[in-house]
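Structure first, commentary second.
As a basis for the values below, the full set of heavy atoms in this structure was taken, side chains included, without hydrogen atoms, waters or symmetry mates. Since we're looking at a predicted model, the values are computed, not measured.
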Amino acid sequence: MANRGTASNNSALISMIADEDTITGFLLAGVGNVDLRRKTNYLIVDSKTTVKAIEDAFKDFTAREDIAIVLISQYVANMIRFLVDSYNKPVPAILEIPSKDHPYDAQHDSVLSRVKYLFSSESVAGDRR
């Protein structure tokens with residue numbers, strides 16, 4: 001199997017940046033990981049978490065080779081919207097998820113807006129043929 005420069009299939013992780021309840025649910029499902037350097041694959045965001053800490057975690061998770069997906073609560077993504085919107089690599093994929101206290105808003109989802117843009121471009125190109 002060709003190596004794409006990413007983590008192998010058996011070691012790819014899901015990372016999370018979200019509130020405590022969301023992180024706890026994923027940890028109970030077995031998604032959590034702590035490596036030998038005591039680095040985790042998640043950041044719990046609460047009222048004391050700074051935007052700088054969220055930015056640093058996002059940059060760290062998107063730079064790590066062992067992470068395939070970054071799940072980020074949409075309200076947290078809104079705090080660092082400029083980073084989320086400017087991220088354009090396919091791996092790790094960035095997925096915005098709702099949280100218990102903050103419902104999902106499709107208008108702020110960068111992935112959904114990119115998909116809508118691609119389909120609208122294709123439909124315009126298809127009409128010209």
Side-chain angles (χ1 to χ4, degrees):
M1 179 192 257
N3 187 353
R4 300 180 306 158
T6 60
S8 64
N9 289 342
N10 61 355
S11 67
L13 299 173
I14 296 174
S15 68
M16 299 153 291
I17 304 173
D19 60 278
E20 186 174 14
D21 291 339
T22 302
I23 298 288
T24 301
F26 278 98
L27 292 178
L28 289 171
V31 175
N33 183 63
V34 179
D35 65 13
L36 295 174
R37 295 169 287 158
R38 310 280 301 154
K39 258 186 141 171
T40 62
N41 64 328
Y42 58 88
L43 173 69
I44 297 174
V45 177
D46 58 17
S47 60
K48 299 174 189 162
T49 307
T50 64
V51 174
K52 174 83 169 106
I54 298 168
E55 290 174 4
D56 291 344
F58 182 84
K59 289 175 184 175
D60 177 50
F61 293 154
T62 55
R64 285 176 52 179
E65 298 253 336
D66 61 336
I67 292 180
I69 299 171
V70 176
L71 297 176
I72 184 168
S73 289
Q74 191 174 51
Y75 83 95
V76 176
N78 287 337
M79 294 180 197
I80 58 166
R81 180 59 57 196
F82 63 97
L83 279 177
V84 175
D85 287 346
S86 65
Y87 183 80
N88 59 5
K89 296 178 184 172
V91 176
I94 309 299
L95 299 175
E96 295 180 30
I97 59 174
S99 65
K100 183 173 79 171
D101 299 326
H102 300 87
Y104 176 76
D105 183 4
Q107 293 178 340
H108 292 287
D109 191 334
S110 60
V111 173
L112 186 60
S113 65
R114 288 177 190 172
V115 169
K116 284 181 180 179
Y117 174 76
L118 288 174
F119 280 113
S120 67
S121 296
E122 288 177 7
S123 65
V124 170
D127 291 341
R128 292 182 188 167
R129 293 182 191 165

Practice item. Check Ser99 against Asp19 and note the closest heavy-atom contact, atom names and distance. Key: CB-OD1, 3.1 Å

Study note, to complete from the structure: Between Phe61 and Asn41 the two heavy atoms that sit nearest each other are CZ-C, 3.6 Å

Check your understanding: When you look at CD of Glu20, are more than 12 heavy atoms from neighbouring residues, nucleotides or ligands closer to it than 6.0 Å?
Key -> no

**Study point:** Interatomic distance, Phe82 atom CZ to Ile80 atom CD1 [nearest 0.5 angstrom]
**Key:** 7.0 Å

Check your understanding: Are Val34 and Val70 connected in the hydrophobic side-chain network, where two residues link if heavy atoms are under 4.5 Å apart?
Key -> no

Check your understanding: Which distance, rounded to the nearest 0.5 Å, do you find between the CG of Asn78 and the CD of Glu96?
Key -> 7.0 Å

Review point. So, Arg64 and Asp66, do they make that salt bridge, N to O below 4.0 Å?
Key: yes

Exercise for review: Could you tell me whether a side-chain N or O of Ser73 sits under 3.5 Å from a main-chain N or O of Val76, the two making a donor and an acceptor?
Suggested key: no

**Study point:** With sequence neighbours excluded, residues passing salt bridge (charged side-chain N to carboxylate O under 4.0 Å, His left out) with Arg37
**Key:** Asp35

Check your understanding: What heavy-atom pair brings Pro92 and Ile67 nearest, and what distance separates the two atoms?
Key -> CB-O, 3.4 Å

Exercise for review: For Ala57 and Leu43, work out which heavy atoms get closest and say how close.
Suggested key: CB-CD2, 3.6 Å

Exercise for review: Could you grab the distance from atom CD1 of Ile94 to atom CG of Leu83, nearest 0.5 Å is fine?
Suggested key: 10.0 Å

Practice item. Supply the members, apart from Leu95, of the Ile/Leu/Val/Met/Phe/Trp/Tyr cluster built from side-chain contacts under 4.5 Å; use none for a lone residue. Key: Ile14, Met16, Ile23, Phe26, Leu27, Val31, Tyr42, Ile44, Ile69, Leu71, Ile97

Revision key, fill the gap. Sorted by chain and number, sequence neighbours left out, side-chain hydrogen bond (donor to acceptor under 3.5 Å, both in side chains) with Lys100 holds for Asp21

